[in-house]
Engineer: 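Sharing a structure, written as structure tokens. Questions coming.
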Amino acid sequence: MTKQPLDGLFESLMAAPQIFKERDTLRHTYIPDELPHREEEIERLGNILFPVLSGSTPSNLFLYGKTGTGKTAVTKYVLNFLLDKIKEISNKSDYALATSFMNCQMVNTNYRVVAYLCDAVGEKVPFTGLPTDEVYSRFKSTLDSEKKLMIIVLDEVDILVKKSGDETLYNLTRINTDLDNSKVCLIGISNDLKFKEYLDPRVLSSLSEEEIVFPPYTAIELIDILKQRAELGFQPNILEEGVINLCAALAAQEHGDARKSLDLLRVAGEIAARKKAEEVTEEHVRIAAISIERDTVAEALRTLPLHPKLILYSVYLLEKHRGSENSITGDVFNVYSELCSVINIDPLTQRRIGDFINELDMLGLINAKNISLGRYGRTKRIKLSIPKKQIQDNLEGDERIGRLSGHVPESF
DNA sequence: TGTCCACTGGAAGGGAGGGCTT
DNA sequence: AAGCCCTCCCTTCCAGTGGACA
């Protein structure tokens with residue numbers, strides 16, 4: 001058999017110095033045996049959920065805190081602990097503990113939440129077709145068919161409520177009154193502190209019987225977290241002095257985000273491994289910071305549907321041909337409509353384009369600010385938030401947008 | 001000070017595509 | 001097969017608005 005080019009690649013990678021011991025422990029999704037600087041939160045959550053061990057229903061609770069402050073990790077940590085404990089005493093207790101953890105970024109409609117819960121209790125339902133009420137009552141009756149205590153965790157619950165309202169949440173907070181054998185405990189997790197304002201007061205009072213606020217990590221705390229993970233994930237003495245401090249400092253600039261600091265450390269390690277370096281250096285961390293940023297943007301651009309891509313490309317063309325002058329919604333819509341006719345598709349309405357402009361703003365790809373031009377109306381001032389080169393490189397790769405490359409809109 | 005522009009953004013609803021029940 | 005119900009994506013309608021201008 002002839003030698004494949006990949007054989008050589010793998011051989012040289014194997015021969016290179018080993019950087020990682022256990023790479024996955026450096027992912028933020030990995031739950032270590034200890035969570036440094038979250039002892040207090042673990043203890044509080046443990047205290048609140050402790051009644052499950054004696055078969056009582058704990059209070060519903062709400063966890064608040066910014067991204068990367070350990071809400072999800074602490075919750076999973078405590079739930080895992082409880083599940084282990086329950087296993088130990090299972091012969092002594094006459095009920096089962098079930099948990100369902102869902103991220104409302106994915107499970108973001110009322111129907112999907114209930115369907116997900118059905119799945120968790122072993123009730124198979126189609127992803128569409130049934131009335132939500134029907135799916136909900138199937139969930140209830142399956143859950144109630146045996147003695148069970150179910151802890152339902154709704155991570156990023158604010159997304160669900162903003163998108164689909166709080167009807168499901170309302171039903172779930174009242175479900176215990178309809179159950180004879182089983183009980184449900186709800187845990188809501190949110191990084192939007194203003195989220196409470198959207199909630200019906202009845203849901204709010206029932207859901208936040210207990211609340212835990214997760215403060216951001218300080219740079220010093222991040223260093224401890226990174227040291228712990230580095231010990232698990234990297235070969236000994238592979239990190240140059242200062243690497244961990246730099247990762248912590250960069251992440252601390254953004255509200256003490258442990259997730260980000262771990263990503264930085266892991267990607268820095270991957271870069272060092274690729275370069276076959278003897279150790280991971282501060283330079284690798286800096287490259288990692290740029291590469292993470294670039295990859296996030298490239299990924300966002302690549303996965304955009306066609307119409308938002310065209311809108312973004314219109315903003316790009318406006319900036320390219322009219323210099324740094326800011327565009328307004330009307331300009332963008334005109335160029336967008338023209339591009340649609342060039343590639344022979346029907347343009348969407350200006351109303352819909354307005355929504356897409358807001359979405360692109362939220363993704364951080366453009367900056368759209370409401371302004372008033374006096375008697376010339378109220379509109380949005382729109383600027384690109386990322387370099388033009390990045391738009392060009394990533395969008396013109398799309399065959400349909402590529403056809404527009406070099407096109408100068410007639411409106412100029 | 002009132003007018004008026006060019007929108008914004010909420011609300012309601014249409015319809016396509018999918019699937020269930022009877 | 002008919003009648004429902006779901007989500008998703010979109011349109012239509014329209015009241016509301018900030019501030020330059022007459």
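Quick note on labels: first sequence line is chain A, next is B, and so on, each numbered from 1.
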Engineer: Output the rounded distance in Å from CD1 (A/Ile353) to P (B/dG9).
Structural biologist: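 Result: 14 Å.
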Engineer: Taking the side chain as C-beta and beyond, is there a heavy-atom pair between A/Phe101 and A/Thr72 under 4.5 Å?
Structural biologist: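 Contact flag for A/Phe101/A/Thr72 side chains = yes.
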Engineer: Can you tell me how far P of B/dA12 sits from CZ of A/Arg351, to the nearest Å?
Structural biologist: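 Taking CZ of A/Arg351 and P of B/dA12, I get 14 Å after rounding.
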Engineer: From CZ of A/Phe356 over to C1' of C/dC9, roughly how many Å is that when rounded to an integer?
Structural biologist: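 These atoms are roughly 8 Å apart.
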Engineer: Hey, does the side chain of A/Tyr77 reach the backbone of A/Asp33 with a donor-acceptor pair shorter than 3.5 angstrom?
Structural biologist: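 It does hold such a pair.
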Engineer: Does any residue of residues 371-380 of chain A have a heavy atom under 4.0 Å from DNA chain B, and if so, which ones, in number order?
Structural biologist: A/Gly374, A/Arg375, A/Tyr376, A/Gly377, A/Arg378, A/Thr379, A/Lys380
Engineer: For a quick test of reading the model: is some side-chain N or O of A/Asn370 closer than 4.0 Å to OP1 or OP2 of C/dT17?
Structural biologist: no
Engineer: How would you label the contact of A/Glu134 with the nucleic acid (heavy atoms, under 4.0 Å): base, sugar-phosphate, or nothing?
Structural biologist: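 Result for A/Glu134 = nothing.
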Engineer: Does A/Glu41 pair with A/Lys71 as a salt bridge, N-O distance under 4.0 Å?
Structural biologist: no
Engineer: Measure from CG on A/Asn358 to C1' on C/dC10 and round the result to the nearest Å.
Structural biologist: 16 Å
Engineer: In whole Å, what is the span from the OH atom of A/Tyr111 to the P atom of B/dC20?
Structural biologist: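 For the pair A/Tyr111 OH and B/dC20 P, the rounded distance is 8 Å.
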Engineer: Sub-3.5 Å donor-acceptor pair from the side chain of A/His284 to the main-chain atoms of A/Thr281, do we have one?
Structural biologist: yes
Engineer: Could you tell me how far apart A/Asp361 (CG) and B/dT8 (P) are, to the nearest whole angstrom?
Structural biologist: 12 Å
Engineer: Could you tell me the separation between the CZ atom of A/Arg138 and the P atom of C/dC5, rounded to a whole number of Å?
Structural biologist: 15 Å
Engineer: By the definition side-chain hydrogen bond (donor to acceptor under 3.5 Å, both in side chains), identify the one residue from A/Asn358, A/Asn367, A/Thr329, A/Asp361 that meets it with A/Lys380.
Structural biologist: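 The passing option is A/Asn358.
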Engineer: Using only heavy-atom distances, determine whether the side chains of A/Asp257 and A/Thr67 contain a donor-acceptor pair under 3.5 Å.
Structural biologist: no
Engineer: Whole angstroms only, please: what is the NZ-C1' distance between A/Lys369 and B/dA6?
Structural biologist: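 Atom NZ in A/Lys369 sits about 18 Å away from atom C1' in B/dA6.
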Engineer: Mind checking A/Gly354 for me? I need base, sugar-phosphate or nothing, with any heavy atom below 4.0 Å counting as a touch.
Structural biologist: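 Nothing, no nucleic acid heavy atom in range.
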Engineer: Hey, can you tell me if A/Tyr64 and A/Phe62 have their rings parallel, tilted or perpendicular (30° and 60° cut-offs)?
Structural biologist: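 It falls in the parallel class, under 30°.
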